[in-house]
Amino acid sequence: METLLYLIVFVVGLIVGSFLNCVIYRMEKGESFLSGRSYCPHCRHKLGFLDLIPVVSFLFLSGKCRYCRERISLQYPLVELLTGFIFLLIFYFQFSLVQFFFLLAISALLIIVFVYDLKHYLIPDKVVYSAIVLTFIYLIFSTFRLDHLWSALALAGFFLAIVLISREKWMGMGDVKLGFLMGLLLGWPDVIAALFLAVFIGAIIGIGLIIMGKKGMKSEVPFGPFLVTGTFIALFWADELINWYFNFFGYL
Ligand SMILES: [Zn+2]
């Protein structure tokens with residue numbers, strides 16, 4: 001029974017991931033999310049049921065469109081798997097039912113931010129604002145803790161200072177709004193764990209890209225994907241991380 005539930009949650013995650021790909025594509029094209037069937041971006045052939053099964057269709061068609069044989073972006077199966085995996089984690093950590101559904105919705109929005117910023121160096125306002133409003137509503141109807149509000153203001157303020165000092169070279173206004181969301185969602189001190197993780201992972205990947213010659217020292221790397229990654233890790237493991245940190249380094 002337990003295994004079956006995990007399987008269902010994972011499959012729902014794959015399906016939601018497939019929907020997120022569609023939302024991302026339509027945001028890129030400026031189309032409405034709700035109207036019309038999915039089609040191949042290359043030949044615009046309408047996709048049938050067999051083309052739309054998450055991950056399975058991609059493997060079955062060996063990553064090519066059935067109609068024009070053009071390559072399908074790896075983004076499609078990766079986002080589906082990522083969403084499935086994150087839904088599994090949310091289920092595994094046994095949040096309350098309300099929290100469970102809230103986190104599913106928030107993680108869907110965060111995954112859009114992750115992919116969109118990675119591809120376009122842009123954090124879509126609509127998505128971040130939706131997530132902020134949703135989090136506010138959730139906090140009001142659960143236990144509103146003030147530390148969430150001032151964590152939001154603190155991180156957004158900190159990012160805003162970086163934006164102003166660097167004249168938007170190191171960070172953009174999208175990161176400021178995302179910072180507000182992170183603080184509101186995570187509260188204190190989890191938000192600090194998320195920020196440190198984002199900087200740490202960003203530094204490692206940045207150095208890796210420079211070593212591999214993919215990016216120069218001065219080239220832009222979007223920070224949003226790292227912030228989202230840090231947020232997800234903090235959402236699940238902030239307590240462990242903070243305990244580990246203090247056990248390891250003491251209370252210096
Ligand atoms: Zn096609």
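Order of listing sets the numbers, starting from 1, for every ligand and every atom in it.
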Legend entry - the Zn ion (ligand 1): protein N, O or S atoms that are less than 2.8 Å away, sorted by chain: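 Listed by chain and number: C40 SG, C43 SG, C65 SG, C68 SG.
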Legend entry - Neighbour count above 12 (heavy atom, 6.0 Å) for R69 CZ: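 Above 12, so yes.
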Legend entry - Atom CZ of F200: over 12 foreign heavy atoms under 6.0 Å: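 No, because the 6.0 Å sphere around CZ of F200 holds 12 heavy atoms or fewer from other groups.
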Inset, instruction - Look at the rings of Y39 and Y25 and say which category their plane angle falls in: under 30° parallel, 30 to 60° tilted, over 60° perpendicular. - result: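 The rings of Y39 and Y25 stand perpendicular, inter-plane angle above 60°.
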Inset, instruction - Give me the ring orientation class for W188 and W150: parallel if the planes are under 30° apart, tilted from 30 to 60°, perpendicular past 60°. - result: tilted
Legend entry - Criterion ring-ring contact (aromatic ring centres under 6.0 Å, His included) against F93, the qualifying member of F232, W237, F100: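 Going through F232, W237, F100 one by one, the ring-ring contact (aromatic ring centres under 6.0 Å, His included) with F93 is satisfied by W237 alone.
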Inset, instruction - Would you check if I132 and F136 make a side-chain contact, meaning some heavy-atom pair closer than 4.5 Å? - result: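 SC-SC contact between I132 and F136 confirmed.
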